[in-house]
Amino acid sequence: MTHIRAPRGTIDVFPEKPGVWQRLEETVRSVCRNAGYTEIRTPIFEHTELFQRGVGESTDIVEKEMYTFLDKGERSITLRPEGTAPVVRAYLEHKMWALPQPVKVYYIGPMFRYERPQMGRLRQHTQFGVEALGASSPALDAEVISVLISVYQRLGLEGFVVRLNSIGCSKCRPRYKESLMNLLSKHTDELCADCRRRLERNPLRVLDCKNERCAGLAKKLPPIFDYLCEDCSRHFEGVTECLTALDLIYELDPTIVRGLDYYTKTVFEVIHSGLGAQDALGGGGRYDGLAEELGGSAIPGVGFAAGIERAVQVLQDAEGGAIGQEAGRVNVFIAAMGDEAKLQALRLARLLREQGTSADIDYLDRSLRAQMKYADKQGVKKVVIIGEDELKGDYAVVRDMATGDQAQVQFRDLVQVLT
RNA sequence: GUAGAUGUAGCUCAAUGGUAAGAGCGCUGGACUGUGGCUCCAGAGGUUGCGGGUUCGAGCCCCGUCAUCUACCCCA
C-alpha cells in the first residue's frame, strides 16, 4: 500500500504555522472592519460561465487553469479561481444596489488554479480581498489601496512596494492598443515568440514581458497616459492626489497591466523582493464593466486580492520563524499517580477548563518523572501533582515550573489558586 | 505545457558499484522506586519515492514514472 499524499500544489498548515495564519486573518478582519468593510462568504464553486464571462474567455486563468467538472446534474461547475466575479455575482443576485452605496465587503478563503507549482504558487491557495461596489470615486480606489497597505503595516511587514498604473477604459484603451499594434508590427522580428502572439490578442501584455529585447522595445513605446481619455485621466489624477494626501508612497509603473480582462482605469500591485519570481503580495484595481458583463447594470467597483501564503512566507523570513509558535499550549498540567489520582486529575482538568484555564493531563500512564518532562516540553506554567499521599491528605502539590516553588493546596482551593 | 536540479529514519544529512544502510537532532524508556531543564546509557524508528533494466552484486549506473524545489508562462 502506498501512502496517500496531499494532491500536488496543496499544503497542510499544521502546528508551527497556525499562529501566523491566525494573526494574519485577525489583522485582515480588524483593518477591514475599521474601514467599514463587512465579511462576505461566497461558494467555493460556481457555474463555469461566471468566470468565462467575468474573468474573460481569453485569459490564461479561463483558458487553461480552471478546475472545471460536470456535476451529477450535468452542470459545468468550476472551483473559484478568484474572488471578484463571485462577489459581483452575489451583489447582483441579492440586488445589493438597493442597499446604501457603496457596498463594501471583504473575504478570506481558498482559490484554485491548475498551474505548475513553484515558489509562491500553489494549486490551492488562500486569498484575502476587498471589493467596494457602487461608487466610482477615485477616493475609493485610494481607500482600497490604503486598506491593503494597512494590513501589511499592522503586521509589521517591511520592504514592500506599491506600483500603480491606469489601463484606461473601453473608450480609450482600444485606441492605445491599436497604436501599440501599429508601432510593434514594424518590429515583430525583434519580439519573442510569446509577444508575437500577444500582439494579436492583447498587445498590452508586451509591456510587462521579461524578455530583455521586448522590455527594451517596450521602454520606447509611448506610455498609456498619453492616450487616456478625459474621464480616465481625471480619475487617475484623483487617485494619485488621494494617495498623496494619505501619505502613501507608490511608484508609477506603466508595465503593470494585470491578466484579468475586467480591469479598467486603476490597476495596482504590491510587490516584495523576498518572494522570488512570483513577487506580488497582492494586486487589484477597478472593474467598472464587470457587472454589465455579468448581466447587470453598470455598477462600478474596485478591489484587491492578496495571497495569505505569500504574506506568511515574508513574515516568517523576516521574523526568523519565531512567531510561528503558539506559546504554551496549556497553562496547567496535572500529573497523577495511581488510578484514583488519575480520576481526580481528569475531573480537575475539566473543572479548570470550564473556569477558562487551559489544562492537560497524561494519557500514556507515564511515570511522574516522565510526566514532568512532558509538562516541561509543553511549556506549562504550573504542574499539579496528585498521588496517594495527597489523596489521603485531601490536598495537591502545586509546582511553579519557572521558579521551582512548591506548595500544598487543599482540593477545594485548587481551582481558585490556579485560575 | 517546457526546462534544470533533487528524492536515504519524523527532521537535517552521510555511505568508492561490494558485509547486515549510518550519524546528529527529535521520540520512548532508564540512571534518579514521588519531581522538568544539564549529563550519561539504552531502545524504537528504513520496501533508500515507485516500477523496470544492466551487473556475480545497485542507495550509487541506465530507462520510465511519481513527487518536491526552482525557472519560463501567468499570477496571489
Side-chain angles (χ1 to χ4, degrees), chain A residues 1-11 14-16 55 58-65 80-84 108-129 148 192-195 197-198 202 205 208-211 256-260 267 269-272 275-284 303-314 333 335-338 341 364-391 396-406:
Chain A
M1 280 270 273
T2 54
H3 295 274
I4 297 173
R5 312 167 51 149
R8 181 153 211 214
T10 65
I11 54 164
F14 66 103
E16 289 93 57
V55 177
S58 70
T59 58
D60 278 14
I61 290 177
V62 172
E63 217 168 47
K64 51 194 185 192
E65 294 174 0
R80 64 179 183 198
E82 61 97 48
T84 302
I108 303 176
M111 304 295 165
F112 306 84
R113 288 181 208 173
Y114 191 85
E115 296 184 274
R116 292 286 284 237
Q118 70 181 70
M119 192 182 207
R121 196 169 72 186
L122 295 163
R123 288 184 175 179
Q124 175 180 334
H125 75 282
T126 315
Q127 287 184 358
F128 66 92
L148 180 56
C192 67
D194 286 324
C195 283
R197 256 186 295 114
R198 288 180 183 126
N202 186 357
R205 297 224 65 95
D208 71 345
C209 183
K210 281 158 197 151
N211 180 294
I256 77 169
V257 296
R258 313 290 300 164
L260 291 78
V267 290
E269 288 176 356
V270 175
I271 60 164
H272 195 284
L275 284 170
Q278 318 302 311
D279 62 356
L281 277 169
F304 70 74
I308 299 254
E309 288 85 353
R310 289 185 187 177
V312 167
Q313 191 195 327
V314 174
F333 184 85
M337 286 156 293
L364 290 177
D365 282 330
R366 284 190 259 231
S367 66
L368 177 61
R369 179 183 165 70
Q371 290 186 51
M372 295 297 292
K373 244 183 180 166
Y374 177 76
D376 181 49
K377 274 178 230 165
Q378 296 300 306
V380 308
K381 295 190 177 73
K382 294 199 166 144
V383 172
V384 177
I385 299 165
I386 308 173
E388 279 178 33
D389 297 347
E390 286 78 5
L391 286 178
V397 171
V398 175
R399 179 182 179 86
D400 184 305
M401 292 298 270
T403 63
D405 296 340
Q406 293 196 172

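By convention in this document, chain letters (A, B, ...) are assigned in the order of the sequence lines, proteins followed by strands, and residues within each chain are numbered from 1. This is a predicted model, so every value here is computed, not measured.
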**Message:** Whole angstroms only, please: what is the CZ-P distance between F333(A) and G37(B)?
**Reply:** 14 Å
**Prompt:** Is any side-chain nitrogen or oxygen of R123(A) closer than 4.0 Å to OP1 or OP2 of A76(B)?
**Reply:** no
**Request:** Identify which nucleotide among A67(B), G36(B), G1(B) has an atom closest to any side-chain atom of R8(A), counting heavy atoms from C-beta outward.
**Result:** A67(B)
**Request:** Quick one: look up who U33(B) pairs with, Watson-Crick or G-U, both distances under 3.5 Å, and put none if it's unpaired.
**Result:** none
**Prompt:** If we take the C1' atom in both C38(B) and U19(B), what is their distance in whole Å?
**Reply:** 39 Å
**Message:** Looking at F112(A), I'd like to know if the NZ or CZ of R123(A) sits under 6.0 Å from its six-membered ring centre while staying within 45 degrees of the ring's axis.
**Reply:** no
**Prompt:** When rounded to the nearest Å, what value does the distance between C1' atoms of C60(B) and U48(B) take?
**Reply:** 10 Å
**Prompt:** So what does I308(A) touch, heavy atoms closer than 4.0 Å: a base, only the sugar-phosphate, or nothing?
**Reply:** nothing
**Request:** Return the nucleotide paired to G57(B): Watson-Crick means purine N1 to pyrimidine N3 with N6-O4 or O6-N4, wobble means G-U with N1-O2 and O6-N3, both under 3.5 Å.
**Result:** none
**Item:** K64(A) vs C73(B): side-chain N/O to OP1/OP2 distance below 4.0 Å
**Value:** no
**Item:** Length of the line joining R5(A):CZ and C69(B):P, which is rounded to integer Å
**Value:** 10 Å
**Candidate nucleotides U28(B), G34(B), A76(B), ranked by approach to the side chain of A305(A) - the nearest** = A76(B)
**Prompt:** Expressed as a whole number of Å, how far does the P atom of G46(B) sit from that of U70(B)?
**Reply:** 30 Å
**Request:** Figure out the OH/C1' separation between Y374(A) and G29(B), and round it to whole Å.
**Result:** 17 Å
**Prompt:** To the side chain of A277(A), which of A71(B), G36(B), A76(B) is closest?
**Reply:** A71(B)
**Request:** Report which part of the nucleic acid G9(A) touches: base, sugar-phosphate, or nothing (heavy-atom distance under 4.0 Å, all strands).
**Result:** sugar-phosphate
**Prompt:** Does R369(A) put a side-chain nitrogen or oxygen below 4.0 Å from OP1 or OP2 of G34(B)?
**Reply:** no
**Asked** Under 4.0 Å: is that the gap between some side-chain N or O of K377(A) and OP1 or OP2 of U28(B)?
**Response** yes
**Prompt:** Does any N or O donor sit under 3.5 Å from an N or O acceptor when you compare the side chain of R121(A) with the base of C74(B)?
**Reply:** yes
**Message:** For a quick check of understanding: with a heavy-atom distance under 4.0 Å over all strands, which category does G283(A) fall into, base, sugar-phosphate or nothing?
**Reply:** sugar-phosphate
**Prompt:** Across all strands shown, which nucleotide pairs with A20(B) by Watson-Crick or G-U wobble geometry, both distances under 3.5 Å?
**Reply:** none
**Message:** So G276(A), base contact, sugar-phosphate only, or nothing? Heavy-atom distance under 4.0 Å.
**Reply:** sugar-phosphate
**Nucleotide C74(B), atom C1' - distance to CD of E63(A) in whole Å** = 12 Å
**Message:** Here's a test of your reading of the structure: between M372(A) and Y114(A), which maps to the more 5' nucleotide of RNA chain B?
**Reply:** Y114(A)
**Message:** Taking A21(B) as the reference, what is the distance to U47(B) when you measure between their C1' atoms (whole Å, please)?
**Reply:** 13 Å
**Who pairs with C73(B) - Watson-Crick or G-U, where each distance is under 3.5 Å** = none
**Asked** Among the nucleotides A3(B), G34(B), C73(B), which one has an atom lying closest to any side-chain atom of Q278(A)?
**Response** C73(B)
**Message:** With rounding to the closest Å, how many angstrom separate the P atoms on C40(B) and G26(B)?
**Reply:** 12 Å
**Prompt:** Looking at R258(A) and G283(A), what are the two nearest heavy atoms and their distance?
**Reply:** NH2-C, 3.5 Å
**Request:** Return the nucleotide paired to C25(B): Watson-Crick means purine N1 to pyrimidine N3 with N6-O4 or O6-N4, wobble means G-U with N1-O2 and O6-N3, both under 3.5 Å.
**Result:** G10(B)
**Prompt:** Given the C1' atoms of U28(B) and C61(B), what is the spacing between them in whole Å?
**Reply:** 40 Å
**Asked** Side-chain donor-acceptor pair under 3.5 Å between E309(A) and T126(A), yes or no?
**Response** yes
**Request:** Between G37(B) and A14(B), how far apart are the C1' atoms? Round to whole Å, please.
**Result:** 31 Å
**Prompt:** What nucleotide, of U2(B), U28(B), A76(B), holds the atom closest to the side chain of R116(A)?
**Reply:** U2(B)
**Euclidean distance, atom CG of residue D60(A) to atom C1' of C72(B) [Å, nearest integer]** = 12 Å
**Prompt:** When you measure from the side chain of R399(A) to the backbone N and O of V384(A), does any donor-acceptor pair fall under 3.5 Å?
**Reply:** no
**Message:** Roughly how many Å apart are C50(B) and G10(B), using the P atom of each and rounding to a whole number?
**Reply:** 13 Å
**Prompt:** Between atom CZ in R399(A) and atom C1' in G36(B), what is the gap in whole Å?
**Reply:** 7 Å
**Item:** Short N-O contact, K64(A) and E115(A), less than 4.0 angstrom
**Value:** no
**Per M119(A) side chain, nearest of listed nucleotides U70(B), A76(B), G36(B)** = U70(B)
**Request:** Map A6(A) and R366(A) onto RNA chain B by nearest heavy atom, then report which one ends up closer to the 5' terminus.
**Result:** R366(A)
**Request:** Name the closest nucleotide to the E115(A) side chain, picking from U28(B), A76(B), C73(B).
**Result:** A76(B)
**Asked** Do Q371(A) and R366(A) have side-chain N/O donor and acceptor atoms under 3.5 Å apart?
**Response** no
**Message:** So does G387(A) get a backbone contact from the side chain of E390(A), meaning a donor-acceptor N/O pair under 3.5 Å?
**Reply:** yes
**Prompt:** Per the atom types in the model, does the base of U35(B) pair as donor or acceptor with the side chain of Q371(A) at under 3.5 Å?
**Reply:** no
**Asked** Considering residues, nucleotides and ligands other than E388(A), do more than 12 of their heavy atoms fall under 6.0 Å from its CD?
**Response** no
**Prompt:** Applying a 3.5 Å limit to both distances, which nucleotide forms a Watson-Crick or G-U wobble pair with U68(B)?
**Reply:** A5(B)
**Asked** Under a 3.5 Å cut-off for both distances, is U48(B) Watson-Crick or wobble paired, and to whom?
**Response** none
**Prompt:** Of the non-hydrogen atoms in L391(A) and A341(A), which two are nearest, and what is the gap between them?
**Reply:** CD1-N, 3.7 Å
**Request:** Would you kindly give the CD-to-P distance between Q118(A) and U2(B), to the nearest whole Å?
**Result:** 15 Å
**Message:** What contact category does E388(A) fall into here, base, sugar-phosphate, or nothing, at under 4.0 angstrom with non-hydrogen atoms?
**Reply:** base
**Prompt:** For the pair made of CZ in R310(A) and C1' in A76(B), what is the distance, rounded to whole Å?
**Reply:** 4 Å
**Request:** Using only heavy-atom distances, decide whether a donor-acceptor pair under 3.5 angstrom links the side-chain of E65(A) to the base of G1(B).
**Result:** no
